[in-house]
Amino acid sequence: MTAHTAIRIDGNALAAKVRDRIAADVTALKSRGITPGLAVVLVGEDPASQVYVRNKVAACAKVGMHSVMHRLPVSTTEAELLALIDALNRDATIHGILVQLPVPKHINEKRVLEAVAAAKDVDGFHAENVGALMIGEPRFVSCTPAGCMEMLKDIGLIGEGADLRGKHAVVVGRSNIVGKPMAMLLLHANATVTICHSGTKDLAAQCHQADVLVAAVGRPRFITADMVKPGAVVIDVGINRLPESEGGKLVGDVDFDGVNQVAGYLTPVPGGVGPMTITMLLQNTLVAANLAAK
Ligand code: GUN
């Protein structure tokens with residue numbers, strides 16, 4: 001008998017499909033004289049952030065969007081960063097503004113995120129956009145949770161008359177960027193939602209309830225096979241680099257090999273949620289450009 005393995009949700013393939021649709025919409029907007037534009041701002045030299053922003057700028061080019069990258073030294077003051085954001089807010093060629101996180105410690109992250117015009121906040125981090133999601137009228141939704149929902153749509157769990165009614169979704173992690181908006185999106189899809197975090201008692205038992213399990217904890221291979229209900233849909237948001245002593249490779253928050261034998265569906269790392277996150281950024285920038293065109 002061959003061992004059970006989960007169906008892999010291929011983030012690269014799904015991202016390519018969604019990007020084709022976005023590219024077609026960009027072409028249509030351009031024919032009306034509007035080129036969607038994204039400004040990416042990076043302060044400092046964080047190596048992971050440098051990779052992320054490079055990927056974001058490259059993704060824009062592939063779908064025909066305009067993008068500008070602002071790389072500022074780590075010594076940049078908060079006032080200087082706020083002045084750049086103000087200029088970008090006023091720049092009619094820029095529809096989306098993204099300030100890569102984390103910003104250096106001497107800069108107040110909250111003040112920076114609130115300085116981005118809500119109508120250009122393609123990260124969905126501004127309180128106005130977070131609030132809009134909360135009341136069920138989403139405009140810009142944080143890209144990673146939005147990408148996870150696209151994956152659930154792709155496997156037919158939501159959309160086209162399907163939703164998560166009667167299903168239990170468990171989100172492990174409560175960040176403003178992923179855990180909280182993810183839980184809200186699942187709730188709006190009619191799931192019964194549990195948010196777990198470092199203070200949760202008997203995390204394994206909570207996770208084992210999940211028909212849909214989203215791991216966003218930032219700890220390598222944290223979710224193990226014994227924590228997963230047979231047949232569950234497991235979405236792995238984690239991107240963790242193992243120490244050189246353990247091979248130095250990228251792994252998720254899910255122990256892929258173990259969970260693969262229990263789950264019904266599973267996203268790989270890399271090639272799962274990551275490409276969807278960038279695709280949703282393009283999608284949000286397109287929405288911003290369409291809003292500006294009205
Ligand atoms: N740092 C880690 N994830 C993200 C993200 O989605 N957006 C921004 N701006 N910074 C991040």
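Every number for a ligand or one of its atoms is a count from 1 in the order of the listing. Everything numeric here is computed off the predicted structure, so don't read it as measured data.
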- Task: With heavy atoms only and a cut-off of under 4.0 Å, state how Val99 meets ligand 1: side chain, backbone, both or neither.
- Result: backbone
- Mode of Leu101 contact toward ligand 1 - side chain, backbone, both, neither (heavy atoms, under 4.0 Å): both
- Note on the structure: Counting from 1 in the order shown, the ligand 1 atoms closer than 4.0 Å to a non-hydrogen atom of Leu98 are 9 (N)
- N/O separation below 3.5 Å, Gln100 to ligand 1: yes
- Message: Through direct or indirect side-chain contacts below 4.5 angstrom among Ile, Leu, Val, Met, Phe, Trp and Tyr, which residues connect to Val262?
- Response: Val170, Val172, Leu203, Leu213, Val217, Phe222, Ile223, Met227, Val228, Val234, Val254, Phe256, Val259, Leu266
- Could you tell me whether Glu160 atom CD has more than 12 heavy atoms of other residues or ligands within 6.0 Å of it? no
- Item | Arg21 and Asp25 ion-paired at < 4.0 Å | no
- Task: Look at atom 8 (C) of ligand 1 and say which protein heavy atom is nearest, naming residue and atom and giving the distance to 0.1 Å.
- Result: Asp123 OD2, 3.4 Å
- Query: Is the backbone N or O of Thr76 less than 3.5 Å from a side-chain atom of His106, with the two atoms forming a donor-acceptor pair by type?
  - Reply: yes
- Is the shortest distance from a heavy atom of Thr144 to ligand 1 less than 4.0 Å? no
- Query: When clusters are formed by joining ILVMFWY residues with side-chain heavy atoms under 4.5 Å apart, either directly or through shared neighbours, do Ile158 and Ile235 land in the same one?
  - Reply: yes
- Note on the structure: The answer for which part of Phe125 has a heavy atom under 4.0 Å from ligand 1 is side chain
- For Leu242, which fellow cluster members are found when Ile, Leu, Val, Met, Phe, Trp and Tyr are connected by side-chain heavy-atom distances below 4.5 angstrom, either directly or through intermediates? Val251
- Heavy-atom protein contact below 4.0 Å for atom 3 (N) of ligand 1: no
